[in-house]
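All remarks here apply to the structure that follows.
Below, each value reflects all heavy atoms present in this structure, side chains not excepted, and no hydrogens, waters or symmetry copies. Residue numbering restarts at 1 for every chain, and letters A, B, ... go by the order of the sequence lines.
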Amino acid sequence: MPEGPIILILKEEIDALHLIGKKVLRIDGTNKIDADRLIGQQLKAVKTYGKNFLLCFGDFTLRVHLMMFGTYLLNEEKSTKLQLSLQFEGATINFYTTSLKIIEENLDEVFDWTTDIMSEKWDAKLALKKVTEHPKAIIADLLLDQDIFTGAGNIIKNEALYRAEIHPLSKVSAIPEKKLKELIKEVRDFSFDFLKWKKANVLKRHLDVYEQKNKSHPQVVKEYLGKGKRGTYIWPEKQHLYV
DNA sequence: GGGCTTGTTACTGT
DNA sequence: TACAGTAACAAGCC
């Protein structure tokens with residue numbers, strides 16, 4: 001399910017429930033979280049960091065990561081295995097197939113907010129610096145690097161590369177700085193388009209290359225490339241290969 | 001029903 | 001020791 005913009009939608013939906021200051025009354029599910037730790041705790045804040053969804057309590061934070069297949073339901077349940085149900089006064093949050101972790105540290109010590117592509121603290125110059133620190137890497141891999149583009153996923157990778165007209169196998173050292181800057185800008189711009197279109201339930205029809213191979217754009221080819229051999233969509237005539 | 005998939009971590013081998 | 005590559009894990013869509 002996830003990728004940065006979707007976690008932001010989750011946060012907005014939780015914000016609408018007005019749970020700040022409310023206490024956890026009960027938890028349920030197959031999770032291995034210490035229930036005593038959570039029950040009775042007052043929710044202090046709800047934050048996101050890239051694909052991490054963060055529920056902040058007094059002296060710890062519950063981090064929820066939806067991984068590839070995670071889902072959630074608010075004030076609703078489904079029949080599949082319930083992993084974590086957080087029951088507050090007036091609302092229930094249910095998580096399925098997520099990665100859960102209690103963070104003890106202050107979040108500012110653990111997360112560098114300036115690398116979060118959706119954050120108002122996003123620092124494009126820092127991203128450029130970090131990208132150029134990997135001259136031998138292929139650009140497609142760096143776009144999935146959560147230390148550089150926190151919150152970017154495979155859809156954002158593909159669409160941003162297409163918009164910047166850069167071939168995913170391009171080597172960082174060979175890409176002109178102007179094009180790198182353009183790419184970094186497109187990562188952020190597309191992420192906010194993703195957010196807008198996902199909310200309106202029209203995301204798929206606005207994608208230019210991702211899963212477009214045999215649809216609107218037959219010129220698009222699909223290859224499995226990069227470290228994770230992730231599906232990558234390329235419009236060869238439009239995306240220049242820098243090597 | 002097999003083969004995909006918006007992700008990450010822990011191994012393995014070089 | 002560092003890095004590259006792979007397996008493992010998960011649920012749902014077509």
Tell me which pairs pass side-chain hydrogen bond (donor to acceptor under 3.5 Å, both in side chains) where either residue lies in residues 54-66 of chain A, with sequence neighbours left out.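 For residues 54-66 of chain A: A:R63-A:S99.
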Review item, side-chain donor-acceptor pairs of residues 146-154 of chain A, under 3.5 Å, at least two apart:
{"from": "A:Q146", "atom 1": "OE1", "to": "A:G151", "atom 2": "N", "distance (Å)": "2.9"}
{"from": "A:Q146", "atom 1": "NE2", "to": "A:L144", "atom 2": "O", "distance (Å)": "3.1"}
{"from": "A:Q146", "atom 1": "NE2", "to": "A:A152", "atom 2": "O", "distance (Å)": "2.9"}
{"from": "A:T150", "atom 1": "OG1", "to": "A:Y49", "atom 2": "OH", "distance (Å)": "3.4"}
{"from": "A:T150", "atom 1": "OG1", "to": "A:T115", "atom 2": "O", "distance (Å)": "3.4"}
{"from": "A:T150", "atom 1": "OG1", "to": "A:T115", "atom 2": "OG1", "distance (Å)": "2.7"}
{"from": "A:T150", "atom 1": "OG1", "to": "A:Q146", "atom 2": "O", "distance (Å)": "2.5"}
{"from": "A:N154", "atom 1": "OD1", "to": "A:K157", "atom 2": "NZ", "distance (Å)": "2.9"}
{"from": "A:N154", "atom 1": "ND2", "to": "A:G231", "atom 2": "O", "distance (Å)": "2.9"}

So does [X] have more than 12 non-hydrogen atoms from other groups sitting under 6.0 Å from [atom1]?
| X | atom1 | result |
| --- | --- | --- |
| A:E104 | CD | yes |
| A:K23 | NZ | no |
| A:K227 | NZ | no |
| A:K181 | NZ | no |
| A:K178 | NZ | no |
| A:E177 | CD | no |

Could you state the [atom1]-[atom2] distance from [X] to [N], rounded to the nearest angstrom?
| X | N | atom1 | atom2 | value |
| --- | --- | --- | --- | --- |
| A:I9 | B:dT6 | CD1 | P | 17 Å |
| A:I156 | B:dG7 | CD1 | P | 8 Å |
| A:I155 | B:dG7 | CD1 | C1' | 12 Å |
| A:Y72 | B:dT6 | OH | P | 19 Å |
| A:L144 | B:dT5 | CG | P | 13 Å |
| A:L66 | B:dT8 | CG | P | 11 Å |
| A:I6 | B:dG7 | CD1 | C1' | 12 Å |
| A:N31 | C:dC9 | CG | C1' | 17 Å |

Please walk me through it: do A:T71 and A:K78 pass side-chain hydrogen bond (donor to acceptor under 3.5 Å, both in side chains)? CA-CA 10 Å; A:T71 53; A:K78 58 180 178 178; 3.0 Å; yes
What residues from residues 157-169 of chain A pass a heavy-atom cutoff of under 4.0 Å to DNA chain B? none
Using a 4.0 Å cut-off on heavy atoms, which residues in residues 126-134 of chain A reach DNA chain B? List them by number, or say none.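 Nucleic-acid contacts, sorted: none.
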Are A:H65 and B:dT8 close enough that a side-chain N or O sits under 4.0 Å from OP1 or OP2?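 Yes, such a contact exists.
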State whether A:R230 places a side-chain N or O below 4.0 Å from either non-bridging phosphate oxygen (OP1 or OP2) of B:dT6. yes
Restricting to pairs with a member in residues 12-21 of chain A, which pass salt bridge (Lys or Arg N to Asp or Glu O under 4.0 Å), not counting sequence neighbours?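 Output for this query lists A:K11-A:D15, A:E12-A:K199.
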Check: A:L10 and A:F95 side chains under 4.5 Å, non-hydrogen atoms: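 Touching, per the 4.5 Å side-chain cut-off.
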Taking side chain as C-beta onward, heavy atoms only, is A:L62 less than 4.5 Å from A:I102? yes
Give the dot-bracket line for DNA chain C from 5' end to 3' end: parentheses for intra-strand Watson-Crick or G-U pairs under 3.5 Å, square brackets for crossings, | for inter-strand pairing, dots for unpaired. .||||||||.||||
Partners meeting ring-ring contact (aromatic ring centres under 6.0 Å, His included) with A:F60 (sequence neighbours left out):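 A:F57.
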Looking only at atom P, what distance separates C:dA7 and B:dC4, rounded to whole Å? 14 Å
Does A:E159 come within less than 4.0 Å of A:R163, counting only side-chain N to carboxylate O? no
Using the side-chain heavy atoms of A:K222, tell me which of these nucleotides is nearest: B:dT6, B:dT5, B:dT8.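 Of B:dT6, B:dT5, B:dT8, B:dT5 is nearest to the side chain of A:K222.
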Check the pair A:K179, A:E182 against salt bridge (Lys or Arg N to Asp or Glu O under 4.0 Å), reporting the backbone distance first and the verdict last. CA-CA 5 Å; A:K179 295 300 288 183; A:E182 197 181 318; 3.4 Å; yes
Enumerate the protein-to-nucleotides 10-14 of chain C contacts in which both atoms are nitrogen or oxygen and the separation is below 3.5 Å.
{"from": "C:dG12", "atom 1": "OP1", "to": "A:K78", "atom 2": "NZ", "distance (Å)": "3.4"}

B/S/- along nucleotides 3-8 of chain C (protein heavy atoms under 4.0 Å) is -S-B--
Go through the side-chain N and O atoms of A:W235 and A:D208 and say whether any donor and acceptor fall under 3.5 Å apart. no
A:T98 side chain to A:Q83 side chain, donor-acceptor N/O pair below 3.5 angstrom: yes
Output a table of donor-acceptor pairs, distance under 3.5 Å, between side-chain atoms of residues 166-175 of chain A and any protein atom two or more places apart or on a different chain; print 'none' if there are none.
{"from": "A:H167", "atom 1": "ND1", "to": "A:L169", "atom 2": "N", "distance (Å)": "3.1"}
{"from": "A:S170", "atom 1": "OG", "to": "A:H167", "atom 2": "O", "distance (Å)": "2.8"}
{"from": "A:S170", "atom 1": "OG", "to": "A:H240", "atom 2": "O", "distance (Å)": "3.3"}
{"from": "A:S170", "atom 1": "OG", "to": "A:Y242", "atom 2": "N", "distance (Å)": "3.0"}
{"from": "A:S173", "atom 1": "OG", "to": "A:P135", "atom 2": "O", "distance (Å)": "3.4"}

Short heteroatom pairs, N/O only, protein and nucleotides 9-14 of chain B, under 3.5 Å:
none

What residues, two or more places apart in sequence or in another chain, satisfy side-chain hydrogen bond (donor to acceptor under 3.5 Å, both in side chains) together with A:Y96?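 A:Y96 satisfies side-chain hydrogen bond (donor to acceptor under 3.5 Å, both in side chains) with no residue once adjacent residues are dropped.
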